[in-house]
Number of protein chains: 4
Amino acid sequence: MLTDVQNSKDKRGIAVNKVGIKNLSYPIAVLDKKKSLQHTIAHINMYVDLPHYFKGTHMSRFLEVLNEYRGEISIVKFPDILRKIKHVLNANSASVEMEFPYFIEKTAPVSRKKSLMEYVCYYNGTIKNKVRNDKFKKVSDLKSDTFSAGIEESEESVIKIGVKVPINTLCPCSKEISKYGAHNQRGVVSVSIEFSKLIWFEDIIEDVESCASSPVYPLLKRSDERFLTEHAYENPRFVEDVVRCVAGILKENKDIKWYKVEAENFESIHNHNAYAMIEG
Amino acid sequence: MLTDVQNSKDKRGIAVNKVGIKNLSYPIAVLDKKKSLQHTIAHINMYVDLPHYFKGTHMSRFLEVLNEYRGEISIVKFPDILRKIKHVLNANSASVEMEFPYFIEKTAPVSRKKSLMEYVCYYNGTIKNKVRNDKFKKVSDLKSDTFSAGIEESEESVIKIGVKVPINTLCPCSKEISKYGAHNQRGVVSVSIEFSKLIWFEDIIEDVESCASSPVYPLLKRSDERFLTEHAYENPRFVEDVVRCVAGILKENKDIKWYKVEAENFESIHNHNAYAMIEG
Amino acid sequence: MLTDVQNSKDKRGIAVNKVGIKNLSYPIAVLDKKKSLQHTIAHINMYVDLPHYFKGTHMSRFLEVLNEYRGEISIVKFPDILRKIKHVLNANSASVEMEFPYFIEKTAPVSRKKSLMEYVCYYNGTIKNKVRNDKFKKVSDLKSDTFSAGIEESEESVIKIGVKVPINTLCPCSKEISKYGAHNQRGVVSVSIEFSKLIWFEDIIEDVESCASSPVYPLLKRSDERFLTEHAYENPRFVEDVVRCVAGILKENKDIKWYKVEAENFESIHNHNAYAMIEG
Amino acid sequence: MLTDVQNSKDKRGIAVNKVGIKNLSYPIAVLDKKKSLQHTIAHINMYVDLPHYFKGTHMSRFLEVLNEYRGEISIVKFPDILRKIKHVLNANSASVEMEFPYFIEKTAPVSRKKSLMEYVCYYNGTIKNKVRNDKFKKVSDLKSDTFSAGIEESEESVIKIGVKVPINTLCPCSKEISKYGAHNQRGVVSVSIEFSKLIWFEDIIEDVESCASSPVYPLLKRSDERFLTEHAYENPRFVEDVVRCVAGILKENKDIKWYKVEAENFESIHNHNAYAMIEG
């Protein structure tokens, strides 16, 4: 029988806020808006808290829970994953962060050519016991059948989703002061939200693209390029305009409890970026 | 006369929390513990808030303030930089984030050979008016001679410093259960603090290295390698042990108001990392 | 009718060796050794040459070819993709680079627990006309039905595959000179090959892991950790040993025409890496 | 006396092409065109070959040579560094790669405001004995006073320098087909050269910027922004145009023996990049 060093007593009296595994790359399947499963690959961080009296946590269990759920990860199942981790690691809190590429079919505006566009998305969640339970049994005595899915009354949870949307922005100042032309560039808008009723990545992306000088696409023919060039010139936007426009839309949505909107422009006249952020 | 588009009115009624420049690479000089200037290169983010009634901020001014101060950046001058940015950008708050490599001469434990070791350090600061001033003049009417250095009573500021310290950690469990050997690996400990009395990077680094299985060095001869191998084997540490040890030291320091300690191990038996964090 | 600027004459008389798209992220399916399709996401670069008399290439066509083939990409189909690109872009040569994560089920050595391990793999290929064809028609006159799959006699092609294998290495010098213990660390071995008969990623990975102090795994229980710790201590390896061992195996394989083996150790006693390379 | 494991015999009969250290971060001083020393921080790789009969190389010596030369690294001293490494590591060849940020003062085109712009530069060099010397003494018997600076007749060396220049490019096709505006974006041009007579980074950068739709700057006022916007609109460039223009200039320079020019555009209408390359 091998000694369980992690399970031994720690006498320093200092609890650890988070302990776990970081930067694990793992294949998962995510439910998309059309209710089909999208295969993707996530970068995953998984943590629990560690009471002051235990020396270490049991990191292999994070993998075991992940293996159980990876076949279908959706925002609906996310609370179960969090509870299961809290349960099998015998902890008072558990957090999971998953970032993954998510592909959506885009149709070019004029030629109607279709292609797939990548949006980097994430799920971040935390579950916590409202009252700390300090009478944990030895982990080896845990019966896994005491586990129940969902969130219980004695627990609280926060789950956030987010998406990064590449866009084109054309500078209003450059357009106004120049005889012709206007500098424009690729930018990326990051939106994070907490909601009371499910919101799809697809819907956030649509909101963001409506606030850009123009969306970006993987596959464009010349007729599309002309359309987007002119559309961007007609819709100049500072990073400040973009975050205000997106925040304005999210603020109106009763199902959104919290949001953070960031816009970053890879300025075409500078080698640094322009940035704006609104949190509300 | 070119139109000042940024200075025009915005009617959406939404203030922007942060707007500015991101990921600027710039040479600076930093004061080190020996009171000499160390030349380094920083990645810099600089932001102000933007009231709801202005359309945009004036990004070139960030560079102008930076040019003024870059010859000597120290924690003592940092509040002045923040105030100056708040002043010339006519804002209620200003934030600056600077991350830069910082080199310290290390002496190998046995051979006494000297070489330079890189530690990534940062300064992060925010200054804010306690009462929002909403009667800003047009920026063009600002007189720069109204600027005074330091923090005034009507303002509050938060300044944090941080450093990443590479270390070696040897697994206590692996040592305990194996007949010989023990897996060990490079790890990195990130410490952030807020203080009431100046603390040098050099001192934080010393604290962290004392909590590792062993420090790491750029230049080691065989006698040093033997010393460090045996030292690490005699001092096994989980990531949990490392953050508890560092947090224990920082907690005792009356000059530290807040700290966050993170340890991340590039596990030699896995392709993902082990992680632990304590905030206090 | 929109002007085809790309198709206009260029008078500088300078041919462009490579022109195309870079860093496209796209979902693909790759054939694995068990003959099933693995869904993954590739970072893709696609290039053609451009004769001196054309001003530009037609970048949207790269996407159109990719859309056609992405449902099943295997080393068997790779030559067709290259030819198709050369054909629809009216070029004398075409190159494609695809790098993607590839997952293999690993069984822990003692507990027999299963989990998925990520290996970053790539396909790199180039196809070229042996005799340059300088009488290209206007691209708009191309008939796509003239395309034929495979490599023709008038063409030559080079196709390479590669894989990065994370391993554990334990330092022979540290073991030899120390009373107990030995520094070890995560390392990564990159193997690239050109072959005359198909070789699977799975086989290369097996070869590399046999040359390590020990393989690494995503999911290990304590019994596995003991096994690997002792196994690594019994099998110390410099980076030099690792590349020699792998090169020794590849040299014996008659189906391999060219190989390059690199090993890089994230040294646990330094903050820089140790590196070795053999090309043959 | 500690065993010199690296110096022991290897019986596999396989020579190692390159062995050394990688990704070392170190402060250096570089000579600039104005003959003053610029402090910067380099990422450094240093390698030697290893004959088939030695088990390992002695990695600490790379650091010792670096320490000796880091106070002034210039293209004039680079051959000495290479020879010294070859000498103290008792090898037939040595290679050094150094990549570092290099700052040049830029003056904005209209306001004449000055600020510093970062260009990532590199030195890459290799030195080799024309006839392999296979009768090496034990390294411990080496007398360091046999070292002589410069390249000898029995040796050959290749030294390359390179620089990455951020630029703005405006799409000729987008301009031609659109009623107004034209998509433009930040791009980066990488130039590598081998020369017979010294060429400064400053000169290569000037050549590249003359081939862009417009240069980029850290600090621009509105008058500069108007100038650059109009200048870019008047000078549309594909990536193909940019590499042809730079290659055209380098080809004319008798002091340049070899060059490679790459241009990569962070397309503002796509989320992938456009790329072109000429080698000559």
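First the proteins, then the strands, lettered A, B, ... as listed; each starts at 1.
- If you tally non-hydrogen atom pairs under 4.5 Å between each of D:Lys18, D:His52, D:Lys22 and chain C, the highest count goes to D:Lys22.
- Between the SG atom in D:Cys171 and the CD atom in C:Gln6 there is a gap of 6.5 Å [rounded to 0.5 Å].
- More than 12 heavy atoms of other residues, nucleotides or ligands shown are found within 6.0 angstrom of NZ on D:Lys175.
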* To do: Report the C-alpha distance between D:Met277 and C:Asp49 in whole Å, list the side-chain angles of each, state the deciding distance to 0.1 Å, and finish with yes or no for side-chain contact (heavy atoms from CB on, under 4.5 Å).
  => CA-CA 9 Å; D:Met277 185 273 284; C:Asp49 70 320; over 6 Å; no
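- Taking 4.5 Å as the heavy-atom cut-off, the residues of residues 256-272 of chain D that approach chain C are D:Glu264, D:Asn271, D:His272, ordered by number.
- For the residue pair D:Val16 and C:Ala276, the shortest heavy atom distance occurs at CG1-CB, 4.2 Å.
- The two residues C:Ile278 and D:Asn17 make their nearest non-hydrogen contact at CA-OD1, 3.4 Å.
- Between the C:Glu176 side chain and the D:Thr3 main chain, no donor and acceptor come within less than 3.5 Å of each other.
- Looking at C:Lys55, both its backbone and its side chain come within 4.5 Å of chain D, counting heavy atoms on both sides.
- The line from CG of C:Leu2 to OG of D:Ser178 is 8.5 Å long, rounded to the nearest 0.5 Å.
- Counting non-hydrogen atoms of neighbouring residues, nucleotides and ligands closer than 6.0 angstrom, the CD atom of D:Glu206 reaches no more than 12 such neighbours.
- A donor-acceptor pair under 3.5 Å is formed between the side chain of C:Glu240 and the backbone N or O of D:Thr57.
- With rounding to the nearest 0.5 angstrom, the SG atom of C:Cys173 is 11.0 Å from the CE atom of D:Met59.
- Applying the 6.0 Å contact sphere to NZ of C:Lys11 captures no more than 12 heavy atoms from other residues, nucleotides or ligands.
- Within 6.0 Å of the CD atom in C:Glu279, the count of heavy atoms belonging to other residues, nucleotides or ligands exceeds 12.
- The choice from D:Leu50, D:Val243, D:Val239 that makes the most heavy-atom pairs within less than 4.5 Å of chain C is D:Leu50.
- Scanning all heavy atoms of the two residues, the minimum distance from D:Arg12 to C:Cys245 falls at NH1-N, 4.4 Å.
- Of all the listed residues (D:Ala247, D:Ala274, D:Gly248), the one sharing the greatest number of non-hydrogen pairs under 4.5 Å with chain C is D:Ala274.
- Only the side chain of C:Tyr47 comes within contact range of chain D, with heavy atoms under 4.5 Å apart.
- D:Ser8 does not touch chain C: none of its heavy atoms, backbone or side chain, sits under 4.5 Å away.
- From C:Asn23, atom CG reaches atom OH of D:Tyr275 across 12.5 Å, with rounding to the nearest 0.5 Å.
- Neither the backbone nor the side chain of C:Asn45 comes within contact range of chain D; no heavy atom of the residue lies under 4.5 Å from a heavy atom of that chain.
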